[in-house]
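As structure tokens, the structure follows; a few thoughts come after it.
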Amino acid sequence: MAGASITLVAGYPRSGTTFTAGSCAASEAWWHQGEKIIALRDKERPRTGFQLDAGLDHAAFDRSVAQLQRFSVRTHSPPDKVRADFPQVWERVARIVYVQRHPFEVAVSVCRYVIATQGVVPGLGTAETSFAAAAERGEVAAFFRQFCEHRGAPNFVPAWGSWSDHVTHWRAAMQEAGLPCAVLSYDRLVREPVMRLMSAAGVLGLPWQEGHVRRAVSQMAPEKVRKGIGAFFVGKDPEALRYPDLLGEEDIRLGFATFGETMLRFGL
């Protein structure tokens, strides 16, 4: 097929797809510049990154297909929706990256994000702009129990399904696709972004050099992501369980019973 191929980056909301796909797009931009295919200062250059959930800029997409070798597309949607709604994207997918984040971390991140951006506690509708205050009242724990009940964020289920189904459906789609695929643990990625992305590039057959990835990560560093949505997006130690200050022992047991081994099936 003539034209560019696509690296599809998928993940449940609040799982790190923005950081991962942005790093992939920036890595591609640096690679294409090194190959003299695009100039980064050219305002009319084709784009190396697209986001599907807000729709697709078809004109920009066509320019990128015509002028580039590869670019990345990110989505929170399940695979069947991507196939149905964006066939022109799906037919060019040459490799898939799935970003998986520990569901407890997703639940906490969803709660923080909605409080910070919408001024309410998700699932409860209580007006609140302080995550700490909501936690003090036990409302973070109450949302976590709803997250377990729905196996995902109840406010996200209508559009994207449950966390469990999202993981299952994308893993099945990757197995069926017969393409190079990688599952990235976001909790590990934010601690060792260059190493994890270079490992994924090797699995996916991407020709990035370490310099490309280092520059890309510096552009899309988690610190910059945090500035856009609040200082809560990435914990200092991704492997540290922060839940004892937020959840009771019974809540933690409920979470482990709900998600079981699936939540520990991380990739690179």
Side-chain angles (χ1 to χ4, degrees), residues 10-20 53 75-81 97-118 120-126 128 131-132 134-175 181-191 232-235 237-268:
Y12 198 70
R14 312 306 305 160
S15 292
T17 51
T18 299
F19 171 63
T20 307
D53 300 323
T75 186
H76 295 314
S77 296
D80 287 348
K81 182 172 176 58
V97 177
Y98 187 77
V99 190
Q100 182 170 327
R101 189 179 189 183
H102 194 294
F104 290 14
E105 294 285 351
V106 173
V108 171
S109 182
V110 170
C111 197
R112 287 184 183 274
Y113 179 76
V114 173
I115 288 172
T117 60
Q118 300 178 27
V120 297
V121 180
L124 281 67
T126 308
E128 184 56 80
F131 178 81
E136 183 71 20
R137 293 194 303 270
E139 293 182 344
V140 172
F143 171 73
F144 180 78
R145 291 191 287 274
Q146 289 192 13
F147 191 93
C148 291
E149 178 185 352
H150 294 274
R151 303 185 71 89
N155 46 320
F156 291 165
V157 167
W160 297 299
S162 71
W163 180 92
S164 299
D165 286 345
H166 205 274
V167 171
T168 299
H169 292 161
W170 270 108
R171 284 181 178 268
M174 290 189 293
Q175 188 172 0
C181 297
V183 178
L184 282 174
S185 162
Y186 183 64
D187 307 277
R188 296 170 180 167
L189 179 64
V190 292
R191 188 181 60 192
F232 47 75
F233 190 63
V234 180
D237 182 357
E239 289 194 343
L241 300 184
R242 294 174 287 151
Y243 325 125
D245 294 337
L246 302 174
L247 309 173
E249 183 177 345
E250 291 301 315
D251 294 322
I252 295 173
R253 287 181 177 178
L254 173 64
F256 275 88
T258 300
F259 297 104
E261 293 183 1
T262 305
M263 64 186 180
L264 303 177
R265 291 174 58 200
F266 293 127
L268 295 172

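Between the OG1 atom of Thr17 and the CG atom of Leu184 there is a distance of 12.0 Å, given to the nearest 0.5 Å. Of the inter-residue distances, the one linking Asp165 atom CG with Trp170 atom CH2 reads 14.0 Å to the nearest 0.5 angstrom. The line from NZ of Lys81 to NE2 of His76 is 13.0 Å long, rounded to the nearest 0.5 Å. Within the model, atoms OG1 of Thr126 and CZ of Arg137 stand 6.5 Å from one another, a figure rounded to the nearest 0.5 Å.
Looking only at distances, no side-chain donor or acceptor of His166 sits under 3.5 Å from a matching main-chain atom of Pro13. No side-chain donor-acceptor contact under 3.5 Å links Asp251 to the backbone of Phe144. At least one donor-acceptor pair closer than 3.5 Å links the side chain of Arg101 to the backbone N or O of Arg14. Formation of a donor-acceptor pair under 3.5 Å by the Ser109 side chain with backbone atoms of Glu105 is not found in this model.
Between Val121 and Ile115, the shortest heavy-atom contact is CA-CG1, 4.1 Å. For the residue pair Ala135 and Leu246, the shortest heavy atom distance occurs at CB-CD2, 3.8 Å. Taking each heavy atom of Gln100 and Asp187 in turn, the nearest pair found is O-OD2, 4.2 Å. Annotation for Val99 and Ser15: closest pair CG1-O, 3.2 Å, computed over non-hydrogen atoms. Considering all non-hydrogen atoms of both residues, Thr258 and Cys148 come closest at CG2-O, 3.5 Å.
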Walk me through whether Val114 and Val120 qualify under side-chain contact (heavy atoms from CB on, under 4.5 Å). CA-CA 7 Å; Val114 173; Val120 297; 4.0 Å; yes
Is there a side-chain contact (heavy atoms from CB on, under 4.5 Å) between Trp160 and Asp53 once you walk through the steps? CA-CA 10 Å; Trp160 297 299; Asp53 300 323; 4.2 Å; yes
Please test Phe143 against Asn155 for side-chain contact (heavy atoms from CB on, under 4.5 Å), starting from the C-alpha separation and ending with a verdict. CA-CA 11 Å; Phe143 171 73; Asn155 46 320; 4.2 Å; yes
Output, in order, the C-alpha distance, side-chain angles, deciding distance and verdict of side-chain contact (heavy atoms from CB on, under 4.5 Å) for Leu189 and Phe19. CA-CA 10 Å; Leu189 179 64; Phe19 171 63; 3.9 Å; yes
Check the pair Phe104, Phe147 against ring-ring contact (aromatic ring centres under 6.0 Å, His included), reporting the backbone distance first and the verdict last. CA-CA 9 Å; Phe104 290 14; Phe147 191 93; 8.6 Å; no
Using the rule given for ring-ring contact (aromatic ring centres under 6.0 Å, His included), can you reason through His169 versus Tyr98, listing the C-alpha separation, both sets of side-chain angles and the distance that settles it, and then say yes or no? CA-CA 11 Å; His169 292 161; Tyr98 187 77; over 10 Å; no
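Within the 4.5 Å cutoff, side-chain heavy atoms of Met174 are placed close to those of Val183. For the pair Val110/Tyr12, no side-chain contact is recorded, criterion being any heavy-atom separation below 4.5 Å from C-beta on. Taking 4.5 Å as the limit, every side-chain heavy atom of His102 sits out of range of all side-chain heavy atoms of Trp163.
Between Arg253 and Glu249 a salt bridge is recorded (basic side-chain N to carboxylate O distance below 4.0 Å).
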